[in-house]
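Lettering of chains follows the sequences in order, A, B, ..., and the numbering in each one begins at 1.
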Amino acid sequence: DIQLTQSPSFLSASVGDRVTITCRATQGISRYLAWYQQIPGKAPKLLIYAASTLQRGVPSRFSGSGSGTEFTLAISSLQPEDFATYYCQQLNSYPRTFGQGTKVEIK
Amino acid sequence: EAQLEESGGGLVQPGGSLRLSCAASGFTVTSKSMTWVRQAPGKGLEWVSLIYSSGNTYYADSVKGRFTISRDNSKNTLYMEMNNLRVDDTAVYYCAREGRIWQDYYYYFMDVWGKGTTVTVSS
């Protein structure tokens with residue numbers, strides 16, 4: 001199975017900060033990677049697929065990059081509604097594994 | 001607008017069984033790949049199972065042989081039959097649609113999610 005490791009697992013940031021989250025895969029997955037945002041008590045929400053394609057309706061301050069084994073989610077200017085937990089997921093093979101999550105909290 | 005709504009969760013004893021349902025609207029469950037994802041209390045997301053539009057199925061090792069994914073076209077509903085439940089199956093269970101889009105290849109993503117149903121396995 002492909003394992004995904006996100007770093008950091010936790011980050012504290014202020015409104016307006018630029019933040020980046022990294023997701024590393026144990027083997028190459030081309031661009032078969034998606035990012036999700038989850039607010040406590042809510043279902044995950046798709047942000048990015050194919051490593052860098054923004055889902056419709058997602059603000060342009062979110063961006064994704066990478067291919068192969070290393071991927072990045074960036075938020076250019078953190079907004080109050082962005083404080084949440086973020087997950088990467090590989091869709092290259094089964095099982096469709098998730099990273100362990102990165103919790104973004106207000107500093 | 002595509003929507004999903006889960007039901008069927010509850011409290012069950014270890015070794016017991018439960019069937020989860022996921023009613024779809026705005027699209028037909030047999031035209032898309034459909035998945036189940038779970039989240040144990042305070043933990044991350046765990047992919048559980050998928051059924052292709054063709055009917056092929058895949059499972060996580062942790063549930064293989066105990067859980068069965070299926071669907072009913074007439075009711076436009078996805079199911080998860082869960083047998084021999086264990087304490088570590090306790091989680092919120094989400095159903096989600098796996099969509100795909102053509103770029104240079106087909107790329108996949110989970111774009112529609114239900115709100116989840118809670119399964120608690122405890123004596």
Same hydrophobic cluster for L54(A) and I21(A), using side-chain heavy-atom links shorter than 4.5 Å among ILVMFWY?
-> yes
For a quick check, list the donor-acceptor atom pairs closer than 3.5 Å between chain A and chain B, or say none.
unit_1	atom_1	unit_2	atom_2	d
R31(A)	NH1	D104(B)	OD1	3.3
R31(A)	NH1	D104(B)	OD2	3.4
R31(A)	NH1	Y107(B)	OH	3.2
R31(A)	NH2	Q103(B)	OE1	2.6
Y32(A)	OH	Y106(B)	O	3.3
Y36(A)	OH	M110(B)	N	3.0
Q38(A)	OE1	Q39(B)	NE2	2.9
Q38(A)	NE2	Q39(B)	OE1	2.8
Q38(A)	NE2	Y94(B)	OH	3.4
K42(A)	O	Y94(B)	OH	3.3
T53(A)	OG1	Q103(B)	NE2	2.9
Y87(A)	OH	Q39(B)	NE2	3.4
Y94(A)	OH	Y52(B)	OH	2.6
R96(A)	NE	E98(B)	OE1	3.1
R96(A)	NH2	E98(B)	OE2	2.8

Side-chain heavy atoms of F98(A) within contact of V37(B), under 4.5 Å = yes
Do you reckon I51(B) sits in the same ILVMFWY cluster as M110(B), going by side-chain contacts under 4.5 Å, direct or chained?
-> no
Same cluster for L50(B) and V29(B) if Ile/Leu/Val/Met/Phe/Trp/Tyr side chains link at under 4.5 Å?
-> no
Check the hydrophobic clustering (I, L, V, M, F, W, Y; side-chain heavy atoms under 4.5 Å; chains of links allowed) and say if I101(B) and I48(A) are grouped together.
-> no
Could you tell me which non-hydrogen atom of G114(B) sits nearest to which non-hydrogen atom of A43(A), and how far apart they are?
-> O-CB, 3.1 Å
For the hydrophobic clusters of this structure (ILVMFWY residues joined by side-chain heavy atoms under 4.5 Å, transitively), does one cluster hold both F83(A) and I39(A)?
-> no
